[in-house]
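Encoded as structure tokens, the structure appears first; notes follow it.
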Amino acid sequence: MATNLVKISSETDIKARLEAERARLRKIAGLDQPDHFHRPVERAFTAEQRAQTTILFGGFTWKHEDLIRAVFQGTGYRCEKLPVPDVPAFQTGKEFGNNGQCNPTYFTVGNLVQYLQFLEKEGIPRQQILDNYVFFTAGSCGPCRFGMYEAEYRFALKNAGFDGFRVLLFKDSDGIKAESGEPGLKFSIDFGFGMLNAMHMGDVMNDLIYQIRPFEAKKGETDRIFRETVDGLCADLKNRKAFEIEQVAPEWAKPKFKSNKILRNTFNVFGKWHEHMWGKDYLGALKNARAKMDSIEVDRTKVKPVVKITGEFWAQLTEGDGNFHMFEFLEREGAQVLVEPIATWVAYLLYQAKAHAIAKWPVNKPHKDPKWYEAKKQFANYIGLHKKLWGIGFGQKAWNFFYHRTAEQLGGITHHLVPQQELADLAHPFYNQYARGGEGHLEVGKNVYYTIHKMCHMVLALKPFGCMPSSQSDGVQSAVINKFKDMIFLPIETSGEGEVNAHSRVQMALGEAKVKAKAEFEQCLKQTGKTLAEIHAYMDEHPELKKPFYHVPHRPGIAGTAAQFVLHVSERIDKDTRFWKRSRVAGAVPQPASGD
Ligand code: SF4
């Protein structure tokens, strides 16, 4: 039988035929000239465009956003905050974005598109929107989907017909730049310190509003006063006069500063730093804010379960549809919400930078295994690592110092930043602290920390649908719950839909937390040997106890505000009683009609 088979004579022949076939198939599939992806070159946001360009941003609480906008405006930019993302924004994000994104992507991307569509409806031509608006957001290289946000914004904007709309990424090195050209947004000293103040004030105000509102005596007073207070702080950030050495120096020194740039810049850095942190205007604004907030009347004897919020960065911060209006819902249901400051996240990043530098040093050090007598190499290895650690350590100390200083100036009752080392140590048996992405080990660490220190009655983790790191930490939370039996922990997946279902699950867990809070309160009241009526009578005679910034010392092991409060008031009553008894024995003063 005749055959068409060609004889293959050698190994080389096989290789040649394989190559030929591969080339044929690649050609058919269109892979012979691959079209690699290149990040689009974006139009620059130049210094000349500043006057007519509006910077858009969003994604925080209204307190943070108002304060951040004030800093932008105070440093010469036009700036607007985006509305709080809602369900229509989520749907818009789904319509114009890629499939399979995590929830915050849809909400935030859709929110931007929706806002641009709104501008267009208001009569601003599309080209004018492209030319006169830019969006400012944080960027990352991952490892979770956060690394894809920038690309997602561009993709959705293109699909929605806003191709070419500029997205500015925050870069911590040399300012905030568009792809090329002169940066329109400069990371100046005034801008940097202003932002530091705004972030810390936003965090502190956010913590305070959730500490005060549940106990307000007159409904709606906290919201009204906080609105006025934040406006006052914004006015300070916006109108604060920038320090310029050439203006404040004595006449004889002015020409020196004018002619010597290095001298001028050095004095300006320290002068501006002082002005932003210790300046009369700044401290005065904080003092006014404190006085305003302290005028709210509170009744801390209302028994409320404390619910600690953890979860993914955005879901635990937003105050809208993105987390089913969870904070509002919890307060309506009688809870006290313990929110998370953004400052914890920055502290976490600094901690991670330090931990990773130490962990990677055996690989990164300049001299591998130097002999004991090679002192120069040993020293180079030592100093190389410690230079890094000292730098980060200084950053950590400065960050904590300025945060707690703002908290102190604004009433002194804000929760302190949780020690990062402790969080990592508590989480590490369940969640490796080197596993990055999202909140990393923080969700587990906070859950354990707030439970063992009895700082809350329940932990509620808000995690967006499709969030990779949150799904991982959810996986290990079941092991955590098994170990800490009295823990009430509830993870809620926040998708754009299913609000009723989520609320009903929270209600169930909250029921348990309420029982826990009530039992704790009754136990503490019993311990005092007094009735609630006696506590109230004493409060009426001592109005300082109805002020939000009256300091109630924290007793370890008690989570509830009301429980802490009755123990403290009881101590005061006992102290007064002892005083009056001693005075009577000495024959000095008659005891007052009531109040012991
Ligand atoms: S942490 Fe989760 S929700 Fe947030 S960007 Fe990453 S994957 Fe998305």
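One-based numbering, in listed order, for ligands and for the atoms of each.
- Among Tyr351, Phe313, Phe146, the one residue that satisfies the ring-ring contact (aromatic ring centres under 6.0 Å, His included) test with Trp345 is Phe313.
- Looking at atom 1 (S) of ligand 1, its nearest protein heavy atom turns out to be Gly438 CA, 3.4 Å.
- For His428 (side chain) and Gln433 (main-chain N/O), a donor-acceptor pair under 3.5 Å exists by modelled atom type.
- Counting atoms of ligand 1 from 1 in the listed order, those under 4.0 Å from a heavy atom of Cys144 are 1 (S), 5 (S), 6 (Fe), 7 (S).
- Atoms of ligand 1 found under 4.0 Å from any heavy atom of Pro104, numbered from 1 in the order shown, are 3 (S).
- In this structure, the side chain of Gln49 engages the main chain of Thr46 through a donor-acceptor pair within 3.5 Å.
- Considering only non-hydrogen protein atoms, atom 3 (S) of ligand 1 sits nearest to Glu312 OE2, 3.4 Å.
- Remark: side-chain polar atoms of Thr105 are not paired, donor with acceptor, to backbone N or O of Gln101 under 3.5 angstrom.
- Checking side-chain atoms of Lys454 against main-chain N and O of Thr451 turns up no donor-acceptor pair under 3.5 Å.
- Residue Ser470 places no heavy atom under 4.0 Å from ligand 1.
- Here Pro469 has side-chain heavy atoms under 4.0 Å from ligand 1, and that is the only part of it that gets that close.
- A cation-pi arrangement, defined by a distance under 6.0 Å to the six-membered ring centre and an angle within 45 degrees of its axis, is present between Arg126 and Phe162.
- With a heavy-atom cut-off of 4.0 Å, Pro464 touches ligand 1 through its side chain alone.
- Below 4.0 Å from some heavy atom of Met468 lie the following atoms of ligand 1, by number and element: 7 (S).
- Annotation: atom 2 (Fe) of ligand 1 to nearest protein heavy atom, Cys467 SG, 2.2 Å.
- Checking Gln477, Lys463, Gln316 one by one against Glu443, the side-chain hydrogen bond (donor to acceptor under 3.5 Å, both in side chains) holds for a single residue, Lys463.
- At least one heavy atom of Tyr149 sits less than 4.0 Å from an atom of ligand 1.
- Each of the following atoms of ligand 1 lies closer than 4.0 Å to a heavy atom of Arg145: 6 (Fe), 7 (S).
- The closest side-chain donor-acceptor pair between Glu152 and Asn98 falls under 3.5 angstrom.
- Not a single N, O or S atom of Cys102, from either the backbone or the side chain, sits less than 2.8 Å from atom 2 (Fe) of ligand 1.
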